Amino acid sequence: MASLVTYEDSESEDDSLDQTEEVTSASIQTGCYELNQEVRKLESPWTIPRPHSSTTPDPDGSVLAYPGNVFERSSSSLYPQPHSCFDWESKCCHDGTAQDKHPRGTASPQSQPETPGKISPTKPLSHAPRTFDGGVTPAKRNHVVRSGVRPYIPKRQRPATMDPKHPAEQVPGSPTSQSQILLDVSARVKPYLGRNPRASGMPRRLLMSLGGHQAPVNTVQWCPVPHLSHLLLSASMDKTFKVWDGAESGQCLRVYTCHSGAVRDARWTPCGRHLLSGSFDNMAVITDVETGQQVVKLDNQFKVMRVVPHPSSPEVFLCGGYSSTVNAWDSRSCKVVKVYKAGIQQTLDILFLRGGVGFITSSDCVSRDSADRTLIAWDYQTTAKVSNQIYQERYTCPSLALHPLEESFVAQTNGDYMAVFSSQQPYRMNKRRRYEGHKVEGYAVQCEFSLDGTILASGSSTGSAHFYDFHNAHTLHTLRAHSQPCLCVSQHPVLPATAATCDWAGEIKVWH
């Protein structure tokens, strides 16, 4: 050993123990790491053999290696050998690091000789600390993620609404354009923000024509948020839905391809940051407008015809389609919270009444005794049928629309007219007022109110867009919009006398 401690016979065992505590309480600082804590004698089940050194090792001695403490245990004696432990530590660390960092025959700046019995302070090494056997300590490494490799994300850090079976898909597009969709305010819409809404007018002139869909466009809808109302949403049978700049440039801002089947319905959420879509691939998807990522993707086990968010709880939405039931989904838990059993073959449309306490569903059931299934009023909380004797005629109702101010709603019928109903029990139909002049002929022609509720607009199988006075049912204007059946007419919520139409050929037009 480098140095030995000699004890006389007259020295008591207590004095030797005190001397041991004084020596072992010294702070240890090596080239690998600094130890500034009291060393305690502990029994350990695992030891590291003492490496060869220039001094003669103790055959029975062994060194205990811990992340923060260094011990020396001797089976023949409990008395420590302070200088030999320190000298061995310094030499071992210097030799282990010098061999890795410097080639053979080259002097290392860390391997300078030291005065025996003294510990010279050394600077911490810049590289990773090592143990006595040359291995890397259990300290946390800096992981480098290679390109093309998706890093692991713990389950608790994943979004709560993410469906594990259907991960989010990134829609093609540059990050710059993604971040500008909801930040830009159209110069054409800006002057009308903050003003009292004017009386709705009749669009008469074509502003722009938007092409890009390769199949019929089922619906178009303006964004309900006023400063984002220049954004126009369209859903098509070509398995895509798109967002357009429908106020100025007419440019397609984003294409969403998260469905493998025809997109039957797509709607804005009330916040304007997400899109709710339903498809013939049985999926209902909530998509982020800016990034294009799928926030929620839910399997309904039937072809989805309609998706409608709850007016007061947007995280809950209804799905109806080729099924005898209507499902109420909670996007936070990705679970069906309510099921409404109607006993029908197909749900054509769903309409929430004021406040979201109840809703109306329309079906394709037509027969001699179908008066109890054509239009059904439901209680949202109890899932019970409130009324099923609403519409007595043998026509299906492909679409429904709620009046924005009055307690009434209209139903588009295959009898080539629109009927008016009360939105309060017992949901009586106004037989003195009906809106005629357009054709339906089996197409899913939609109808919609203007923001002030004075104008009722409807498409037509003839390709025309019809505008009616709601209070007297007179035809105000007929717009020759398309050569193919016009399926939807959406009136702008901010710009006066502005509307968007879509047809069976996949064309979208904006009128003002």
Side-chain angles (χ1 to χ4, degrees), residues 200 219 265 305-306 308 320 326 342 344-354 358-378 385-450 452-462 464-478 485-491:
S200 300
T219 182
D265 191 19
M305 294 282 292
R306 280 290 183 266
V308 183
V326 175
I344 57 177
Q345 296 179 355
Q346 179 182 351
T347 300
L348 299 179
D349 200 3
I350 303 173
L351 176 68
F352 268 107
L353 300 178
R354 197 117 24 228
F359 63 93
I360 307 292
T361 60
S362 63
S363 69
D364 66 341
C365 185
V366 287
S367 61
R368 184 177 60 184
D369 56 347
S370 65
D372 61 336
R373 285 173 288 179
T374 305
L375 293 180
I376 304 176
W378 300 85
K385 294 180 181 179
V386 178
S387 178
N388 55 6
Q389 300 290 334
I390 301 176
Y391 188 52
Q392 307 294 333
E393 301 184 24
R394 294 179 57 185
Y395 296 113
T396 57
C397 302
S399 66
L400 306 171
L402 180 66
H403 195 279
L405 302 177
E406 300 180 9
E407 298 295 334
S408 61
F409 69 93
V410 297
Q412 181 80 268
T413 70
N414 272 299
D416 297 337
Y417 69 90
M418 289 181 288
V420 185
F421 299 87
S422 173
S423 60
Q424 296 181 346
Q425 297 186 28
Y427 310 105
R428 297 183 182 276
M429 183 179 70
N430 190 342
K431 298 181 179 181
R432 299 181 180 180
R433 190 194 308 175
R434 60 173 55 184
Y435 306 87
E436 298 175 313
H438 60 281
K439 299 292 183 179
V440 179
E441 298 178 348
Y443 290 95
V445 178
Q446 301 182 32
C447 55
E448 186 185 46
F449 283 99
S450 61
D452 57 2
T454 58
I455 298 176
L456 177 62
S458 172
S460 176
S461 62
T462 60
S464 303
H466 296 258
F467 298 88
Y468 299 95
D469 189 315
F470 172 71
H471 296 96
N472 55 28
H474 292 169
T475 301
L476 298 176
H477 182 61
T478 300
C486 180
L487 301 181
C488 181
V489 180
S490 179
Q491 302 183 70

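None of the values given here were measured: they were computed from a predicted structure.
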What's the spacing between [X] [atom1] and [Y] [atom2] if we round to 0.5 Å?
| X | Y | atom1 | atom2 | answer |
| --- | --- | --- | --- | --- |
| Leu456 | His471 | CG | NE2 | 11.0 Å |
| His466 | Lys439 | NE2 | NZ | 9.5 Å |
| Ser423 | Leu402 | OG | CG | 6.0 Å |
| Trp378 | Asn388 | CH2 | CG | 9.0 Å |
| Thr361 | Ile344 | OG1 | CD1 | 5.5 Å |
| Ser362 | Gln346 | OG | CD | 9.0 Å |

Mind checking whether [X] and [Y] have side chains closer than 4.5 Å, heavy atoms only?
| X | Y | value |
| --- | --- | --- |
| Gln412 | Val440 | yes |
| Gln392 | Lys431 | no |
| Tyr427 | Leu353 | yes |
| Cys397 | Asp349 | no |
| Phe449 | Leu405 | no |
| Ser464 | His438 | no |
| Val420 | Tyr435 | yes |

Residues which pass side-chain hydrogen bond (donor to acceptor under 3.5 Å, both in side chains) with Ser408, listed by chain and number, not counting sequence neighbours: none
Among residues at least two apart in sequence or on other chains, which ones pass side-chain hydrogen bond (donor to acceptor under 3.5 Å, both in side chains) with Asn414? Thr396
Which atom names give the shortest non-hydrogen contact between [X] and [Y], and what distance separates them?
| X | Y | result |
| --- | --- | --- |
| Val410 | Cys447 | CG2-SG, 4.0 Å |
| Arg433 | Ala473 | CG-CB, 3.8 Å |
| Leu348 | Ser363 | CD1-O, 3.5 Å |
| Ser387 | Pro426 | OG-O, 4.3 Å |
| Ser422 | Phe409 | O-CE2, 3.5 Å |
| Leu375 | Ala411 | CD1-CB, 4.5 Å |

Is there a donor-acceptor pair under 3.5 Å between the side chain of Glu448 and the backbone N or O of Gln491? yes
I'd like to know if the side chain of Tyr468 and the backbone of Glu436 have a donor-acceptor N/O pair within less than 3.5 Å. yes
Under a plain distance cut-off of 3.5 Å, with no hydrogens placed, do Thr413 and Glu393 share a side-chain donor-acceptor pair? no
Hey, is CD on Glu407 packed in by over 12 heavy atoms from elsewhere, all under 6.0 Å? yes
